[in-house]
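The structure appears right after this line, and notes come after that.
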Protein chains: 2
Amino acid sequence: MEIISENKAFGGRHIRYRHHSEMTHCEMTFAVFLPPFASKDNPVPVLYWLSGLTCTDENFMQKAGAMKWAADLGLAIVAPDTSPRGDNVPDDENGDYDFGLGAGFYVDASEAPWQQHYQMYSYVTEELPALIETALPVTRERAISGHSMGGHGALVIGLRQPNRFVSVSAFSPIANPMSCPWGEKALSAYLGDDKSKWQQYDASWLISQKQHTIPVLIEQGTSDQFLKEQLKPERLLNAAQQSDTPITLNMHEGYDHSYFFIATFIRSHLEFHASHLGIL
Amino acid sequence: MEIISENKAFGGRHIRYRHHSEMTHCEMTFAVFLPPFASKDNPVPVLYWLSGLTCTDENFMQKAGAMKWAADLGLAIVAPDTSPRGDNVPDDENGDYDFGLGAGFYVDASEAPWQQHYQMYSYVTEELPALIETALPVTRERAISGHSMGGHGALVIGLRQPNRFVSVSAFSPIANPMSCPWGEKALSAYLGDDKSKWQQYDASWLISQKQHTIPVLIEQGTSDQFLKEQLKPERLLNAAQQSDTPITLNMHEGYDHSYFFIATFIRSHLEFHASHLGIL
């Protein structure tokens with residue numbers, strides 16, 4: 001793990017790292033915020049934040065205004081990149097923003113040419129936590145959140161791995177990727193045409209299958225330009241009712257898909273996770 | 001005034017505008033944050049924020065985390081661009097970041113080819129407030145702040161125009177541009193070789209000349225990579241002692257020149273200005 005840069009912020013530290021990933025077979029970049037007083041003798045729990053299409057580790061750290069609240073709560077934040085990157089990593093043939101680089105969709109790809117590098121599900125759930133928990137002053141208490149494509153990733157991971165993540169939240173998630181243009185494009189390419197393989201990466205399908213007990217909190221703006229065609233939170237809500245799974249979905253009049261929306265409500269998500277992580 | 005984009009944020013509105021400027025003879029872009037409940041019947045005071053080298057209206061609005069506090073205080077924020085822009089606007093011959101586009105230094109240029117467009121002092125102090133006070137639900141109560149080159153701009157404007165701005169603050173300002181590389185390059189080109197013309201754009205010179213009464217608040221990180229060669233806050237402090245002008249300069253151990261530093265301390269600056277604007 002090599003440090004790219006470090007900034008003091010809110011009494012804590014924002015550090016960007018580069019490392020070679022065994023799972024994505026390339027160099028990966030991620031960012032960490034460590035709150036004040038985090039140390040080997042005082043390790044802190046971690047919120048993983050998964051970003052949306054086109055983002056890197058930087059968007060959330062720079063734009064969400066989350067560090068203030070994380071510093072107050074004693075919570076670390078880890079922001080991975082949104083895909084493998086590098087000259088050898090294949091990209092969308094047209095260079096579109098919604099597939100390939102910056103658009104890993106947090107799946108383990110099975111199809112060529114994607115399967116060698118696009119293993120973001122395993123990277124985010126296994127390799128990255130193991131690395132962080134070895135190298136940094138954090139506990140093994142984890143929560144997960146994200147935005148848009150990252151909201152999809154967080155929900156899928158939280159629903160599938162409640163033993164590894166104590167709570168899950170999302171802003172404007174792609175709630176039913178099996179039936180929206182972004183999701184259909186990505187899942188068919190990364191996973192092939194057999195839609196039964198897509199189900200494990202679809203929060204609405206996952207939540208419909210059984211009653212889940214992991215706490216779930218979602219924010220959605222009503223003026224989000226992607227709400228009707230891509231995000232479809234009503235599908236998740238219907239599926240949760242079907243399985244009698246309690247979820248909280250807050251609709252916010254007039255808010256859009258931007259980081260201004262995230263910044264407005266991020267405090268409540270950090271407090272939600274902090275309460276389940278036992279630090280609030 | 002044409003709206004480029006609008007986002008709801010913290011119950012208020014972030015709006016980017018484009019307009020033709022009479023003073024800079026080009027299209028200018030700026031951003032406004034209007035707090036909740038600002039209306040013609042309930043106009044709010046304005047904090048002008050001047051950004052640093054390479055910035056536009058976007059950096060502060062996206063990265064400073066200021067909207068939360070401005071919303072709570074009932075304070076509008078206006079972030080102008082850092083220079084004139086456009087195909088007809090001359091730029092540094094080498095395209096360097098520290099002069100020309102993105103580097104107007106908040107002066108009224110007198111020298112060719114800069115004088116036609118680079119009139120940022122008049123634009124920021126006269127044209128922009130007049131426009132905003134006509135079109136938006138704001139009062140004529142104004143404060144001013146900024147970062148780096150914009151901290152220089154804010155200090156110069158506040159010291160020269162205490163009747164138009166009730167308080168002034170700065171993060172990591174270029175405190176003595178007459179004798180640092182950034183300032184010498186810009187002032188010699190925009191204003192010519194006669195250094196007596198530079199004095200009106202040098203906060204340390206201005207503050208040395210007489211006792212000023214406008215409240216002045218400055219933050220500076222000790223790990224700022226530009227501290228010793230470019231910023232030189234000790235010059236300002238010495239000049240203020242010379243004229244018996246009260247200023248507050250807070251030095252912060254380990255903080256750098258980034259927006260992470262600004263975000264950490266911006267709340268105290270908004271509260272400082274709010275108290276002088278009579279809303280706190």
Side-chain angles (χ1 to χ4, degrees), chain A residues 3-16 31-37 55 57-72 77 79 171-172 219-225 227 250-268 270, chain B residues 3-16 31-37 55 57-72 77 79 171-172 219-225 227 250-268 270:
Chain A
I3 291 180
I4 300 170
S5 64
E6 181 170 342
N7 314 93
K8 192 169 176 182
F10 293 97
R13 294 187 293 156
H14 168 246
I15 315 171
R16 300 186 67 213
V32 177
F33 175 70
L34 290 173
F37 311 117
C55 289
D57 64 287
E58 297 192 283
N59 304 64
F60 182 78
M61 293 298 191
Q62 294 185 4
K63 296 182 176 179
M67 291 180 188
K68 155 75 177 158
W69 316 117
D72 288 356
I77 302 173
F171 288 79
S172 330
E219 312 297 319
Q220 176 63 58
T222 63
S223 296
D224 188 319
Q225 63 268 44
L227 178 56
N250 297 315
M251 299 298 293
H252 297 279
E253 186 64 31
Y255 283 90
D256 62 25
H257 200 68
S258 71
Y259 263 90
F260 297 111
F261 169 54
I262 298 172
T264 303
F265 297 101
I266 192 67
R267 180 184 189 176
S268 65
L270 296 198
Chain B
I3 292 180
I4 300 171
S5 65
E6 180 169 343
N7 315 92
K8 192 168 176 182
F10 294 96
R13 295 187 292 156
H14 167 247
I15 314 171
R16 300 185 68 214
V32 177
F33 176 71
L34 291 173
F37 311 115
C55 289
D57 64 288
E58 297 191 284
N59 305 64
F60 182 78
M61 292 298 190
Q62 295 186 3
K63 296 182 176 180
M67 290 181 190
K68 155 76 176 156
W69 316 118
D72 288 355
I77 302 174
F171 288 78
S172 329
E219 313 297 319
Q220 176 63 57
T222 63
S223 296
D224 188 320
Q225 62 268 44
L227 179 57
N250 298 316
M251 299 297 292
H252 297 281
E253 187 64 31
Y255 283 89
D256 61 26
H257 200 67
S258 71
Y259 263 91
F260 298 111
F261 170 54
I262 297 172
T264 302
F265 297 101
I266 192 66
R267 180 183 189 174
S268 65
L270 296 198

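Quick note on labels: first sequence line is chain A, next is B, and so on, each numbered from 1.
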Who among A:Y259, A:F265, A:F260 has the most heavy-atom pairs with chain B under 4.5 Å?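 Looking at each of A:Y259, A:F265, A:F260 in turn, A:F260 comes out on top.
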Most contacts with chain B, counted as non-hydrogen pairs under 4.5 angstrom, among A:I262, A:T264, A:D256: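 Maximum pair count with chain B is reached by A:T264.
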Interatomic distance, B:I266 atom CD1 to A:K68 atom NZ [nearest 0.5 angstrom]: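 Going from CD1 on B:I266 over to NZ on A:K68, the span is 13.5 Å.
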Can you see which heavy atom on A:Y255 is nearest to which on B:F10, and at what distance?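 That would be OH-N, 3.5 Å.
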Please look at B:E58 and chain A and tell me whether the side chain, the backbone, both or neither of the residue comes under 4.5 angstrom of a heavy atom of that chain.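 Neither; nothing under 4.5 Å.
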Heavy-atom proximity to chain A below 4.5 Å, by part of B:N7: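 Looking at B:N7, backbone and side chain both touch chain A.
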Does A:R13 have more than 12 heavy atoms from other residues, nucleotides or ligands lying within 6.0 Å of its CZ?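 It does not: A:R13 CZ has 12 such atoms or fewer within range.
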